[in-house]
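Input: a single structure, listed below in structure tokens.
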Amino acid sequence: MGFYELLIVIYCLLTWFPMRQGGILYDFAAVLDSICGPYLNLFRRIIPPMGGIDFSPVVALLALSLGERLLINILL
């Protein structure tokens with residue numbers, strides 16, 4: 001698992017916990033949102049949440065992995 005993939009997974013896990021504004025966890029989540037949010041928003045426009053569950057991170061991770069493998073195969 002790459003670094004950016006790990007950040008996306010941590011960002012998704014943090015959304016499960018309640019956070020108070022001004023807390024350290026809130027600040028950490030805000031930083032991760034500024035890093036991962038723009039990439040995930042590309043997929044959120046295509047795949048809306050179904051039944052309150054957001055599947056866009058799963059598709060984003062698959063696309064990231066596929067792009068990484070494709071790039072490695074082209075370069076090697």
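When a residue number appears, it is its place in the shown sequence, counting from 1. Quick caveat, the model's predicted, so the values are computed rather than measured.
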Practice prompt. Hey, could you give me each pair passing salt bridge (charged side-chain N to carboxylate O under 4.0 Å, His left out) that has a residue in residues 1-18? Not counting sequence neighbours.
Written response: none
Worksheet entry | Listed once per pair and sorted, the salt bridge (charged side-chain N to carboxylate O under 4.0 Å, His left out) pairs that draw on residues 30-47, sequence neighbours left out | Arg44-Asp54
Fill in: From OG (Ser56) to CG (Asn41), nearest 0.5 Å
8.0 Å
Worksheet entry | Listed partners of Phe43 passing ring pair (Phe, Tyr, Trp, His ring centres under 6.0 Å), at least two apart | Tyr39
Worksheet item: If two hydrophobic side chains count as joined below 4.5 Å and joins carry through other members, does Leu7 share a cluster with Trp16?
Response: yes
Worksheet entry | Hydrophobic cluster identity match, Leu14 and Phe3, side-chain contacts under 4.5 Å | yes
Worksheet, complete the sentence: Under a side-chain separation threshold of 4.5 Å, the hydrophobic residues clustered together with Leu66 are none
Fill in: Which residues share a side-chain contact (heavy atoms from CB on, under 4.5 Å) with Val9, sequence neighbours left out
Met1, Leu13, Leu61
Practice prompt. Establish whether Ile74 and Leu76 are linked, either directly or via other cluster members, by ILVMFWY side-chain heavy-atom contacts under 4.5 Å.
Written response: no
Quick one: side chains of residues 21-31, donor-acceptor pairs under 3.5 Å with protein atoms, not counting sequence neighbours, listed by atom name and distance.
none

Worksheet item: If Ile, Leu, Val, Met, Phe, Trp and Tyr residues are connected whenever their side-chain heavy atoms lie under 4.5 Å apart, and connections chain through other members, are Leu70 and Ile72 in the same group?
Response: no
Response to the item:
Students should find that the hydrophobic cluster of Leu62, defined by side-chain heavy atoms under 4.5 Å apart, otherwise consists of Val58
Worksheet item: What are the two closest heavy atoms between Tyr4 and Cys36, and how far apart are they?
Response: OH-CA, 3.6 Å
Worksheet entry | Pairs flagged by salt bridge (charged side-chain N to carboxylate O under 4.0 Å, His left out) wherever residues 8-24 is involved - sequence neighbours left out | none
Discussion item. Are Ile8 and Ile53 linked, directly or through intermediate hydrophobic residues, by side-chain heavy-atom contacts shorter than 4.5 Å (ILVMFWY only)?
Written reply: yes
Worksheet item: Tell me the salt bridge (charged side-chain N to carboxylate O under 4.0 Å, His left out) pairs involving residues 60-76, sequence neighbours left out?
Response: none
Fill in: Any pair counted as ring-ring contact (aromatic ring centres under 6.0 Å, His included), so long as it reaches residues 51-76, sequence neighbours left out
none
Worksheet item: Please walk me through it: do Ile35 and Tyr11 pass side chain to side chain contact (heavy atoms under 4.5 Å, CB included)?
Response: CA-CA 10 Å; Ile35 295 170; Tyr11 173 72; over 6 Å; no
